Amino acid sequence: MVGMRELSRREFLKASVILSGGLIMPKSLFDLHGGLELHKSVGESPTICCFCGVGCGAIVASQGGRVINLEGDPDHPINQGSLCPKGMAMAQINTVDGEVNPYRLQTVKYRAPGDDKWVEKDWGWTLNRIAQRVKETRDQFFIETDSEGRMVNRLEAIASLGGAALDNEECSLITKAMRSLGLVYFEHQARL
Ligand code: SF4
């Protein structure tokens with residue numbers, strides 16, 4: 001029993017010396033080399049995925065104004081570090097290899113009914129065209145009274161579909177504007 005106790009004590013001491021050596025070594029190496037040099041200046045920013053209403057958190061690493069890494073934020077309460085494929089592709093929204101993504105549309109494209117070609121349009125023309133079509137549709141389909149003569153003042157020929165990138169205030173304004181036209185069909189991408 002005494003021999004076993006001495007052996008255990010020796011083993012314990014040996015293990016302690018190895019462990020302290022392991023802990024001390026990096027510190028002494030660090031001092032010897034005068035600190036570890038960083039070769040890249042990398043910025044990291046937390047952000048929220050812009051693609052859907054889940055609102056996952058992500059951490060974006062950038063260098064020289066370019067995204068070099070993107071991953072789920074492990075501290076975010078919703079996704080806890082995970083991202084779906086759309087979220088992982090967020091870095092490609094603006095740039096691919098430092099250039100503006102050539103597949104991202106930068107201008108309005110219009111295809112007239114029955115045509116097979118897309119034509120580039122400016123925003124002035126586009127907003128006027130949307131307003132014109134909304135007015136025509138409302139004038140044609142606005143319902144003042146239902147089949148029993150009760151006043152309803154509604155428009156069933158246009159629906160409103162919101163996007164997940166809209167915030168509460170924008171959703172509130174859009175809903176008010178659409179209700180003032182008489183719309184009754186509302187949907188939101190986050191609910192689909
Ligand atoms: S698109 Fe994916 S990563 Fe982005 S918020 Fe929705 S679930 Fe999260």
Side-chain angles (χ1 to χ4, degrees), residues 36 38-134 137-138 141 154-192:
L36 295 172
L38 292 174
H39 296 284
K40 287 180 181 174
S41 161
V42 176
E44 266 194 354
S45 318
T47 188
I48 303 291
C49 175
C50 54
F51 281 124
C52 90
V54 175
C56 296
I59 295 178
V60 181
S62 61
Q63 188 190 3
R66 189 183 148 205
V67 174
I68 57 169
N69 189 51
L70 188 143
E71 53 195 72
D73 184 349
D75 295 327
H76 198 278
I78 292 175
N79 54 317
Q80 299 177 352
S82 63
L83 282 181
C84 80
K86 276 194 297 177
M88 287 303 295
M90 240 191 310
Q92 297 172 9
I93 292 177
N94 286 316
T95 58
V96 170
D97 294 332
E99 302 296 327
V100 172
N101 188 334
Y103 297 109
R104 184 171 184 192
L105 291 181
Q106 307 281 315
T107 54
V108 176
K109 303 274 191 255
Y110 173 74
R111 183 174 62 78
D115 205 341
D116 63 351
K117 284 183 290 303
W118 294 95
V119 183
E120 203 162 285
K121 296 287 185 187
D122 62 39
W123 277 107
W125 182 93
T126 305
L127 293 175
N128 281 339
R129 182 76 178 134
I130 292 170
Q132 195 181 29
R133 296 295 300 272
V134 168
T137 308
R138 189 174 186 274
F141 296 103
R154 67 185 177 221
L155 178 60
E156 298 175 357
I158 301 177
S160 170
L161 175 63
L166 299 171
D167 59 30
N168 282 348
E169 290 72 21
E170 288 165 329
C171 286
S172 170
L173 289 173
I174 290 170
T175 306
K176 282 177 184 164
M178 296 300 110
R179 290 249 188 254
S180 72
L181 293 175
L183 262 73
V184 288
Y185 296 135
F186 285 84
E187 191 47 276
H188 195 271
Q189 183 263 335
R191 217 173 69 84
L192 297 177

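Atoms within a ligand are numbered from 1 in the order they appear, just like the ligands themselves. Computed from a predicted structure; not experimentally measured.
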Undergrad: For Gly55, take its heavy atoms, then give the atoms of ligand 1 lying under 4.0 Å from any of them.
TA: 5 (S)
Undergrad: At what distance, to the nearest 0.5 angstrom, does CE of Met88 lie from SG of Cys56?
TA: 12.0 Å
Undergrad: Is the shortest heavy-atom distance from the side chain of Ile158 to the side chain of Val134 under 4.5 Å?
TA: yes
Undergrad: Using a strict cut-off of 4.0 Å, indicate which atoms of ligand 1 neighbour a heavy atom of Cys49.
TA: 1 (S), 3 (S), 4 (Fe), 5 (S)
Undergrad: Looking only at protein heavy atoms, which one is nearest to atom 8 (Fe) of ligand 1, and how far off is it?
TA: Cys56 SG, 2.3 Å
Undergrad: Just wondering, is there an N, O or S atom on Cys84 that's nearer than 2.8 Å to atom 8 (Fe) of ligand 1?
TA: no
Undergrad: At the 4.0 Å heavy-atom cut-off, does Leu83 count as touching ligand 1?
TA: yes
Undergrad: Looking at side-chain heavy atoms only, is the closest gap between Tyr110 and Thr126 below 4.5 Å?
TA: no
Undergrad: As an exercise, state the distance from CG of Asp73 to CD of Glu44, rounded to the nearest 0.5 Å.
TA: 9.5 Å
Undergrad: For Phe51, take its heavy atoms, then give the atoms of ligand 1 lying under 4.0 Å from any of them.
TA: 1 (S)
Undergrad: Tell me which one of Gly87, Cys52, Ala89 gets a heavy atom nearest to atom 3 (S) of ligand 1.
TA: Gly87
Undergrad: Name the one of Leu173, Asn168, Leu166 that satisfies side-chain contact (heavy atoms from CB on, under 4.5 Å) with Glu170?
TA: Leu166
Undergrad: Rounded to the nearest 0.5 Å, what's the gap from NZ on Lys86 to SG on Cys52? Could you check?
TA: 5.0 Å
